[in-house]
Amino acid sequence: MKRTLVREALACREFGKLVTVAGWVRTRRDSKAGFSFIELNDGSCLANLQILAPVDLPNYATDVQKLHPGASIRVEGALVASEGAGQAVEVKATSLKVYGFCDPLEYPLGKSRISFERLREVAHLRSRTNSFGAVARVRNTLAFETHRFFQDRGFYYFNAPIITASDCEGAGEMFQVTTLDLENVPKDKLTGKVDFSKDFFGRPANLTVSGQLEAETYACALGSVYTFGPTFRAENSNTTRHLAEFWMIEPEFAFADLDDDADLAEDYLRHLIRSVLEQCPDDLKFFNDRVEKGLLDNLTRLADASFTRISYTEAIKILEGVADRFEFKPYWGVDLQSEHERYLAEVKFQGPVIVMNYPREIKAFYMRLNDDEKTVAAMDVLLPNVGEIIGGSQREDRLDVLERRIRESGMNPEDYWWYCDLRRFGTVPHAGFGLGFERMVRFCTGMGNIRDVIPYPRTPQSAEF
RNA sequence: UCCGGCAUAGCUCAGUGGUAGAGUAGGUGGCUGUUAACCACUUGGUCGCUGGUUCGAGCCCAGCUGCCGGAGCCA
């Protein structure tokens, strides 16, 4: 079927043009003057198209008057200038076909406002609401513009493995992947432990918590790569900014140091913000009006602003000066608490902040040791309201230092043999970061809960749909 | 995992020991180029589950389950 999108119809001014539109009824209003009004939405934009359904349609009594929110229809008719206020154009139906009726007694979505909490229980239908349609469109733009940004800079899209069979888990709880019969797990006769040689991969396997280590191997060959895929963390996290399954973008590029890394992160975030402002104005206005007041001003301001960059040491000095306001007292050597990060991004600098060069003890082994031997070339990008959105670093490119750092972390360099090989054979300085995609969607939409910016959120005790 | 809060009509909520309420949605009628339409009438409840206290529990107590917010972990 050749159909006109609602988005196209609303922008069209060729009055009299015959069009076919199809979508889902948002609401119907009957007039005794000889017609009904139908608000039609097809997901192509936030706005609805008003359909004028005259009483002389052959199926007016049998179909039109039985339309309720959620019903699916196809309408053929003429695009005309609207006589009423509130919309410039509407479609005067010459035929209306009902694909499927929708029982208002059963259908969870009506005309009135529904809480986001309630909508999570009907996640298969929440995509039909204004809010979730807008989230989906913004999310799509952010994803597409992520590819455009990196492609334009010569980064290759790299598909990191989803299943990782490395014996050495670094940080973060992982989901185990197994084909073993959990009711009857094979055990080693001598040790009594699980015999993973019988498992699918012949060893324990997990879902990835990061594609970084693998991405490094391609960055050290192709120069610049980025991953964009699902990531899994089995942490028992129950917050508005954590998911057990989320999407992460991880650029990794060679011949780069920490400053290059921060530059890339900043350019990338700015590109995304400019893109949604340009491509999703109606959706953003909706979020600005209905979800977070001031969202448009914030995004517009950031589209051109440069981000504040401070060292961890400077950040601690600032925080120590206002230590009274914190539950946890800041001092050099401890990681920044949420309240500290929020103070920096929301109160002190009122915008994005890049904190660089953290103490080595609180950061991962692969981050490059600075000359002071006390800090590593790490960076976190903090956003107002969202908190940490990016974590990155220059990678340790010296084999001896890397092996020492692995041992200091209580692990065995041999378990990272292929990772160490990168330093053994033609090592180069390189850097990268990870961006939590849903956190970015949250920031751009003002949505308060990360569970509402991914279609089907996976959190502890929750994997319906 | 820890701390706090919540669970009553399809939905949003009121109801602090004595016969279960409102708004909204749904139905019927009226009115209208309407637009969260409006006006009148009306259907609709194992008060999350289990146990306890009491003559009597939606209300008090305990446990459980789920959800929400904050913290930790992080992106």
Side-chain angles (χ1 to χ4, degrees), chain A residues 26-40 47-54 68-70 80-87 90 92 102-122 130 170-173 209-212 227-250 265 290 326-328 335-342 362-364 380-383 386-392 433-443 448-454 459-462 464:
Chain A
R26 282 296 176 78
T27 178
R28 184 195 91 227
R29 295 178 294 272
D30 296 330
S31 166
K32 287 291 152 52
F35 37 78
S36 290
F37 297 101
I38 298 164
E39 296 275 344
L40 186 75
N48 302 324
L49 177 65
Q50 179 162 284
I51 308 294
L52 193 143
H68 293 284
V80 297
S82 179
E83 292 175 29
Q87 63 283 316
E90 63 194 19
K92 189 171 182 182
C102 192
D103 183 353
L105 287 174
E106 301 286 331
Y107 192 55
L109 310 177
K111 278 183 279 188
S112 53
R113 202 184 175 96
I114 307 172
S115 70
F116 291 138
E117 290 82 5
R118 165 71 188 147
L119 286 171
R120 273 173 226 146
E121 297 169 16
V122 289
N130 286 334
E173 289 295 310
V209 294
S210 163
Q212 179 203 316
T227 73
F228 187 175
T231 308
F232 307 88
R233 305 264 168 98
E235 304 286 348
N236 193 6
S237 300
N238 232 305
T239 76
T240 55
R241 57 190 187 284
H242 289 88
L243 292 166
E245 176 184 293
F246 63 99
W247 288 67
M248 187 154 66
I249 291 122
E250 296 179 285
R290 305 290 288 270
F326 300 125
E327 183 185 350
F328 298 94
D335 209 353
L336 300 182
Q337 301 281 325
S338 277
E339 56 178 346
H340 303 148
E341 295 181 343
R342 282 213 314 277
I362 59 174
K363 288 293 183 184
D380 283 355
V381 181
L382 314 177
L383 289 183
V386 170
E388 183 179 344
I389 192 164
I390 283 177
F433 60 79
L435 173 133
F437 188 57
E438 283 76 18
R439 290 184 180 179
M440 190 59 191
V441 182
R442 244 190 91 192
F443 182 71
N449 195 315
I450 200 166
R451 294 164 196 147
D452 297 328
V453 296
I454 189 168
T459 53
Q461 299 302 313
S462 176
E464 187 73 55

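Proteins come first, then strands; the chains are lettered A, B, ... in the order of their sequence lines, and each starts at number 1.
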Quiz item: Taking the C1' atom of each, how far is A57(B) from U8(B), in whole Å?
Solution: 14 Å

Quiz prompt | Pair partner, G69(B) [Watson-Crick or wobble, under 3.5 Å] | solution = C3(B)

Quiz item: Considering heavy-atom distances to RNA chain B, does N236(A) or F437(A) have its closest nucleotide positioned more toward the 5' end?
Solution: N236(A)

Exercise. For nucleotides G33(B) and C49(B), find the distance between their P atoms and express it as a whole number of Å.
Key: 49 Å

Quiz prompt | Partner nucleotide, any strand, of C74(B) [Watson-Crick/G-U, under 3.5 Å] | solution = none

Quiz item: Atom CZ of F328(A) and atom C1' of C3(B): how far apart are they, to the nearest Å?
Solution: 11 Å

Practice problem: Among the candidates A75(B), G72(B), A37(B), find the nucleotide nearest to the side-chain atoms of S237(A). | Solution: G72(B)

Practice problem: Rounded off to whole Å, could you give me the CD-to-C1' distance for the E117(A) and A7(B) pair? | Solution: 13 Å

Exercise. Can you tell me the distance, in whole Å, between the CD1 atom of I114(A) and the P atom of A36(B)?
Key: 17 Å

Quiz item: Looking across every strand, which nucleic acid part, if any, lies under 4.0 Å from I249(A) by heavy atom: base, sugar-phosphate, or nothing?
Solution: nothing

Exercise. Evaluate the salt bridge (charged side-chain N to carboxylate O under 4.0 Å, His left out) criterion for residues R120(A) and E464(A): first the C-alpha distance (whole Å), next the side-chain angles of each, then the deciding distance (0.1 Å), finally the verdict.
Key: CA-CA 10 Å; R120(A) 273 173 226 146; E464(A) 187 73 55; over 6 Å; no

Quiz item: Base, sugar-phosphate alone, or nothing: which one does I389(A) contact when heavy atoms must sit under 4.0 Å apart?
Solution: sugar-phosphate

Self-check item: F246(A) side-chain proximity, nearest of A37(B), A75(B), A71(B)
Solution: A75(B)

Quiz item: Does R120(A) place a side-chain N or O at less than 4.0 Å from the phosphate oxygens OP1/OP2 of C68(B)?
Solution: yes

Self-check item: Assigned partner base of A40(B), Watson-Crick or wobble definition, under 3.5 Å
Solution: U28(B)

Self-check item: Distance in angstrom units between R241(A) CZ and C74(B) P, rounded
Solution: 12 Å

Quiz item: When the distance from CD of E245(A) to C1' of C74(B) is rounded to whole Å, what number comes out?
Solution: 17 Å

Quiz item: Just checking, is any N or O donor in the side chain of T240(A) or N449(A) under 3.5 Å from an acceptor N or O on the other one?
Solution: no

Self-check item: Any strand: nucleotide that pairs with G18(B) via Watson-Crick or wobble, under 3.5 Å
Solution: C55(B)

Quiz item: What's the CG-P distance between L435(A) and A75(B), to the nearest Å?
Solution: 11 Å

Exercise. Could you give the distance separating G48(B) and U12(B) at their P atoms, to the nearest angstrom?
Key: 14 Å

Practice problem: Mind listing the closest non-hydrogen atom pair of A265(A) and I390(A) along with its distance? | Solution: CB-CD1, 3.9 Å

Quiz item: Hey, is the side chain of Q461(A) poking within less than 4.0 Å of OP1 or OP2 on G66(B), counting only N and O atoms?
Solution: yes

Quiz item: For R118(A), which contact category applies under a 4.0 Å heavy-atom criterion: base, sugar-phosphate, or nothing?
Solution: sugar-phosphate

Practice problem: Report yes if a side-chain nitrogen or oxygen of R233(A) is closer than 4.0 Å to either non-bridging phosphate oxygen (OP1 or OP2) of G72(B); otherwise report no. | Solution: no

Practice problem: Tell me what E39(A) touches on the nucleic acid: a base, only sugar-phosphate, or nothing, going by heavy atoms under 4.0 Å. | Solution: base

Quiz prompt | Nucleotide-resolved protein contact map, nucleotides 22-33 of chain B, B/S/- at heavy-atom distance under 4.0 Å | solution = --S-SS---BBB

Quiz prompt | Rounded interatomic separation in angstrom, taking CD from E173(A) and P from A75(B) | solution = 15 Å

Exercise. Kindly indicate, with the supporting measurements, whether the criterion salt bridge (charged side-chain N to carboxylate O under 4.0 Å, His left out) is fulfilled by E339(A) and R342(A).
Key: CA-CA 5 Å; E339(A) 56 178 346; R342(A) 282 213 314 277; over 6 Å; no

Practice problem: Find the distance E341(A):CD to A75(B):C1' and express it as a whole number of Å. | Solution: 11 Å

Quiz prompt | Short side-chain to backbone donor-acceptor contact, S36(A) and A53(A), under 3.5 Å | solution = no

Self-check item: Pair partner, A9(B) [Watson-Crick or wobble, under 3.5 Å]
Solution: none

Quiz item: Reckon N238(A) has a side-chain N or O less than 4.0 Å from the OP1 or OP2 of C67(B)?
Solution: no

Quiz item: Got a second to check how far S237(A)'s OG is from L243(A)'s CG, nearest 0.5 Å?
Solution: 9.5 Å

Quiz item: Do the side-chain N or O atoms of S338(A) get closer than 4.0 angstrom to the phosphate oxygens (OP1, OP2) of G72(B)?
Solution: yes

Quiz item: Looking at E39(A) and R29(A), does any basic side-chain N land under 4.0 Å from a carboxylate oxygen?
Solution: yes

Quiz item: Counting any heavy atom closer than 4.0 Å, what does R28(A) reach on the DNA or RNA strands: base, sugar-phosphate only, or nothing?
Solution: nothing

Quiz item: Across the strands shown, which category fits R451(A) at heavy-atom distances under 4.0 angstrom: base, sugar-phosphate, nothing?
Solution: sugar-phosphate

Quiz item: How far, in whole Å, is G63(B) from C38(B) if one measures between their P atoms?
Solution: 47 Å

Exercise. Examine G70(B): is either OP1 or OP2 under 4.0 Å from a nitrogen or oxygen in the side chain of T239(A)? Give yes or no.
Key: no

Quiz item: Mind checking who C47(B) pairs with, Watson-Crick or G-U wobble, both distances under 3.5 Å?
Solution: none

